[in-house]
Amino acid sequence: MSVVEQYARAHIVTDTDLVEEEPVAVPVVLRYDPEDDPRSVRVGLPGTQERTIARALLEQGLRAPAGTGEVRVWPCGRVQAVVEFHSSQGVSVVQFESKTLLRFLRRTYTATAQPVIH
C-alpha cells in the first residue's frame, strides 16, 4: 500500500471574506497513509499543523451534512464542500471543490484496494 498525496487549492472562510469581493485560494495538501491510519486522511493547511478527518466522514459529507464535535463536513451548492475544524483555538472553515475531494478519496480507496466510491 502506498501513500496518497494530493495538492489542492481551497478557500479559508473568515469574517474578512464578507468585505472582500473575491476570496483568495490557498494551497492545501491532502494526505492518506494506509499504514499510519487506514481510516483517516490528513489536511495540511497553511500556517497550521495537519488536521485529521475520518475518511468515511469526508465521504459522507460530500453528499449530506456529517459530523459532530471537532470536524464537520457538508456540501455547499452543487460544486463545493465545506470542512469545519473546531479546536480550543477556534474554528477553521475551509471550502473545497467537491470534485477535488472526490478524486482524492477515489485514489485512497485504490491505494487500499477497496471498492471505489461513486
Side-chain angles (χ1 to χ4, degrees):
M1 292 188 271
S2 60
V3 173
V4 175
E5 194 168 88
Q6 181 172 318
Y7 295 88
R9 298 197 61 76
H11 297 281
I12 298 178
V13 181
T14 65
D15 292 343
T16 59
D17 291 337
L18 300 174
V19 178
E20 295 179 15
E21 291 182 21
E22 179 103 18
V24 177
V26 296
V28 175
V29 178
L30 303 169
R31 182 176 172 81
Y32 173 71
D33 185 347
E35 292 184 17
D36 181 39
D37 184 356
R39 293 177 299 227
S40 298
V41 297
R42 295 182 180 269
V43 178
L45 301 171
T48 62
Q49 295 181 351
E50 287 185 327
R51 306 301 283 279
T52 302
I53 304 174
R55 188 167 60 157
L57 173 64
L58 186 57
E59 182 181 342
Q60 291 167 1
L62 290 174
R63 292 187 297 264
T68 59
E70 294 182 7
V71 181
R72 298 173 188 157
V73 183
W74 67 88
C76 181
R78 303 181 89 187
V79 297
Q80 297 180 333
V82 172
V83 180
E84 188 176 279
F85 298 102
H86 293 255
S87 70
S88 58
Q89 290 81 30
V91 178
S92 296
V93 179
V94 185
Q95 191 172 33
F96 291 91
E97 285 191 19
S98 298
K99 68 181 180 182
T100 299
L101 296 177
L102 185 58
R103 185 179 321 121
F104 173 70
L105 284 170
R106 284 185 177 141
R107 291 179 61 213
T108 69
Y109 285 107
T110 301
T112 57
Q114 292 183 6
V116 175
I117 60 171
H118 299 286

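Just so we're clear, the structure is a prediction, and the values are computed from it rather than from any experiment. Only heavy atoms go into these numbers, but all of them, side chains included; no hydrogens, no water, no symmetry mates. In this chain, numbering begins with 1 at the start of the sequence shown.
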> Ignoring hydrogens, what is the shortest heavy-atom contact between Y109 and E59? Give both atom names and the distance.
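Where Y109 meets E59 most closely, the heavy atoms are OH-OE1, 2.8 Å.
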
> Could you give all pairs that pass the salt bridge (Lys or Arg N to Asp or Glu O under 4.0 Å) test and reach residues 88-99, with sequence neighbours left out?
E97-K99

> Could I get the full list of salt bridge (Lys or Arg N to Asp or Glu O under 4.0 Å) partners for E70, not counting sequence neighbours?
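None.
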
> Show your reasoning for whether side-chain contact (heavy atoms from CB on, under 4.5 Å) applies to V26 and L45.
CA-CA 8 Å; V26 296; L45 301 171; 5.8 Å; no

> Do you know which two heavy atoms are closest between S2 and A111, and how far apart they sit?
O-CB, 3.7 Å

> Given the rule in the side chain to side chain donor-acceptor pair (under 3.5 Å) test, do R55 and T108 qualify, once you have shown the distances and angles that lead to the verdict?
CA-CA 9 Å; R55 188 167 60 157; T108 69; 3.2 Å; yes

> Kindly indicate, with the supporting measurements, whether the criterion side-chain contact (heavy atoms from CB on, under 4.5 Å) is fulfilled by V28 and R9.
CA-CA 6 Å; V28 175; R9 298 197 61 76; over 6 Å; no

> CD of Q6 to CG of L101: how many Å apart, nearest 0.5 Å?
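Here the interatomic distance stands at 8.0 Å.
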
> Just how far is it from atom OH of Y32 to atom OG1 of T110, taken to the nearest 0.5 Å?
10.5 Å

> Does A54 have any side chain to side chain contact (heavy atoms under 4.5 Å, CB included) partners at least two apart in sequence or in another chain, and if so, which?
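Side chain to side chain contact (heavy atoms under 4.5 Å, CB included) list for A54, sorted by chain: L57.
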
> Before giving the answer on side-chain contact (heavy atoms from CB on, under 4.5 Å), spell out for V73 and V82 the whole-Å C-alpha distance, their side-chain angles and the decisive distance to 0.1 Å.
CA-CA 6 Å; V73 183; V82 172; over 6 Å; no

> Please enumerate all residues that pass side chain to side chain contact (heavy atoms under 4.5 Å, CB included) together with R72, with sequence neighbours excluded.
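Side chain to side chain contact (heavy atoms under 4.5 Å, CB included) check on R72 returns W74, E84, H86.
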
> Can you list, by chain and residue number, the hydrophobic cluster partners of V29 when the side-chain cut-off is 4.5 Å?
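Once heavy-atom contacts under 4.5 Å are chained together, V29 belongs with Y7.
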
> Identify the residue among T52, V93, V94 that makes a side-chain contact (heavy atoms from CB on, under 4.5 Å) with F85.
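With F85 as partner, side-chain contact (heavy atoms from CB on, under 4.5 Å) holds for just one option, V94.
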
> If every non-hydrogen atom of P65 is compared with every non-hydrogen atom of P75, which pair is closest and at what distance?
N-CD, 3.9 Å

> Heavy atoms only: give me the nearest G44-E50 pair and the separation to one decimal.
CA-CG, 4.0 Å

> How about V79 and S98: do any of their side-chain heavy atoms sit closer than 4.5 Å?
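Counting from C-beta outward, V79 and S98 never come under 4.5 Å.
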
> As an exercise, state the distance from OG of S40 to CZ of R31, rounded to the nearest 0.5 Å.
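Rounded to the nearest 0.5 Å, the OG-CZ separation comes to 13.0 Å.
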
> Should the pair D36-R42 be classified as a salt bridge under the 4.0 Å nitrogen-to-oxygen rule?
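A salt bridge is present here (some side-chain N lies under 4.0 Å from a carboxylate O).
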
> In chain order, what residues pass the side-chain hydrogen bond (donor to acceptor under 3.5 Å, both in side chains) check against R51, with sequence neighbours excluded?
none

> L105 vs L62, test: side-chain contact (heavy atoms from CB on, under 4.5 Å). Steps then yes/no.
CA-CA 11 Å; L105 284 170; L62 290 174; 3.8 Å; yes

> Which atom pair, heavy atoms only, marks the closest approach of R107 to E5?
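Smallest heavy-atom distance, with atoms named: NH1-O, 3.4 Å.
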
> Would you say the side chain of V83 lies within less than 4.5 Å of the side chain of I53, judging by non-hydrogen atoms?
yes

